Amino acid sequence: MGLLGLFGKKDKQLLGLDISSSSVKLIELSRSGGRFRVEAYRVLPLPANAVVEKNIQDVTVLAEALKRVVAVAKTRTRDAAVAVAGSAVITKVIDMPANLGELGLENQIAAEADQYVPYPLDEVALDYQVLGPSPTNPDQVEVMLAACRRENVDMRVAAIEAAGLRPRVVDVEVFAVERAFRLIGEQFEDIGDQVVAIADIGATMLTLSVLVDGKTLYTREQLFGGKQVTEEIQRRYGLSMEEAGQAKRQGGLPEDYESEILQPFKEALVQQIQRSLQFFFSSSQYNYVDQLVLAGGVAAMAGLRREVEDKLGLPTTVANPFANMAIGSGVNAVALASDAPAMLIATGLALRGFE
């Protein structure tokens, strides 16, 4: 069995492509003098059922969507980074002899992988990353092993190649969020070793990640997202799914929309975040978080930040990884600011080009 590049090669100017159940998000960054600049950005909706709960159902439809997003973003970069969902990946930190060298390390991990992976190895994409010296044994290094069913990787690679792009990195969403958090952490004072929770609320999925000293300690995914608002608009007002989505974005809904649909959704969202935090508290040494960051497309919902902050009693902010970046002349700065909370994964993937 050969190792497939789940972490991939590092190569500058990568397109960060976040493929979710509802949309494709693209971001391209450059760096000059230590400051990042947004060179290209775009978000395009995906046809229904092309991707379901982050599982690709139709590679051809996804490839066409990727072609369109690259075309409308007007980027010439063709090297791309994508990610698989954290729930699809098994990660484990193991100690290995420090004197093996790269080839020896790869061979030994391949030989011992069946101890850590509960799937047949011929069905698995496997990769590793050396984290550094072992804190308990100077003759060993800590190695992060990551394993994912090969079809999850292969379908993303196939869609990217069919779109005329070059897949350089297949990452893991939780690592992309962790990388993007470095940009958000710069916006806090004395972030230090604070416990920070990130609630990424998308169309169909709520992912809670908890970071300590910038490292992911805990992550949990659950089915809950903004699509529920769209479906309720559709049901209550007799609209098509497309009409309901447009009305949600552009307004013009009846007066009872706020009280009958939006407010109950916000209350349910607060409960879901609270429940996820309780799961974290019960499974870790921590019984608190210092900061809560809202991310994902739902995070930009009017009044949501204040509602969450008041109900949970936590300092809450809305994620904006571009706050300290320059914006290219071809980028719509207003649209970028609106979509910023939803661009965390794409940004983290684009940042891989600068490691």
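What's counted below: heavy atoms across the whole structure, side chains too, no hydrogens, waters or symmetry copies. Fair warning: this is a prediction, and the values are worked out from it, not measured in the lab.
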Are the charged groups of [X] and [Y] less than 4.0 angstrom apart, N to O?
| X | Y | result |
| --- | --- | --- |
| R352 | E355 | yes |
| E123 | R149 | yes |
| R156 | E173 | no |

Enter the distance from [X]:[atom1] to [Y]:[atom2] here, rounded to the nearest 0.5 Å.
| X | Y | atom1 | atom2 | result |
| --- | --- | --- | --- | --- |
| I90 | L126 | CD1 | CG | 10.0 Å |
| Q246 | E243 | CD | CD | 8.0 Å |
| S30 | F354 | OG | CZ | 6.5 Å |
| E53 | E221 | CD | CD | 10.0 Å |
| S284 | Y218 | OG | OH | 8.5 Å |
| L165 | K67 | CG | NZ | 10.0 Å |

Residues M343, D18; criterion side chain to side chain contact (heavy atoms under 4.5 Å, CB included); working and verdict: CA-CA 8 Å; M343 300 299 292; D18 176 16; over 6 Å; no
Salt bridge (Lys or Arg N to Asp or Glu O under 4.0 Å) assessment of D339 paired with K25: CA-CA 10 Å; D339 284 327; K25 306 173 188 73; over 6 Å; no
Side-chain heavy-atom pair V174, T91 within 4.5 angstrom cut-off: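 They are not in side-chain contact.
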Heavy-atom check, side chain of L29 versus side chain of M325, under 4.5 Å: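 Of all side-chain heavy-atom pairs linking M325 with L29, at least one is under 4.5 Å.
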From CA spacing to verdict: side chain to side chain contact (heavy atoms under 4.5 Å, CB included), N137, D95: CA-CA 9 Å; N137 187 337; D95 284 350; 5.6 Å; no
Criterion side-chain contact (heavy atoms from CB on, under 4.5 Å) against L294, the qualifying member of L304, D200, L269: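 Of all the options given, the one that passes is L304.
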Between Q222 and S276, a side-chain donor and acceptor under 3.5 Å: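 The answer is yes; a qualifying pair exists.
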T204 and K227: side chain donor to acceptor below 3.5 Å: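 No, no side-chain donor-acceptor contact under 3.5 Å.
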Identify the two heavy atoms, one from [X] and one from [Y], that lie closest to each other, and give their separation to 0.1 Å.
| X | Y | value |
| --- | --- | --- |
| Y257 | V229 | OH-CG1, 3.7 Å |
| I261 | Y237 | CD1-CE1, 3.7 Å |
| A159 | A63 | O-CB, 3.6 Å |
| R42 | A73 | CB-CB, 4.0 Å |

Polar side-chain atom of [X] near backbone of [Y] as donor-acceptor pair, under 3.5 Å:
| X | Y | value |
| --- | --- | --- |
| T136 | S134 | no |
| T75 | V70 | no |
| R35 | N324 | yes |

Verdict with supporting geometry, K311 and Q274, side chain to side chain contact (heavy atoms under 4.5 Å, CB included): CA-CA 9 Å; K311 293 286 178 63; Q274 192 168 36; over 6 Å; no
Side chain to side chain contact (heavy atoms under 4.5 Å, CB included) assessment of L217 paired with F280: CA-CA 9 Å; L217 190 68; F280 164 65; 4.0 Å; yes
Test salt bridge (Lys or Arg N to Asp or Glu O under 4.0 Å) applied to E309 and R306, step by step: CA-CA 5 Å; E309 186 171 77; R306 183 178 295 276; 5.7 Å; no
Candidate pair F322 and Y41, rule ring pair (Phe, Tyr, Trp, His ring centres under 6.0 Å), full reasoning: CA-CA 11 Å; F322 312 118; Y41 131 86; 7.4 Å; no
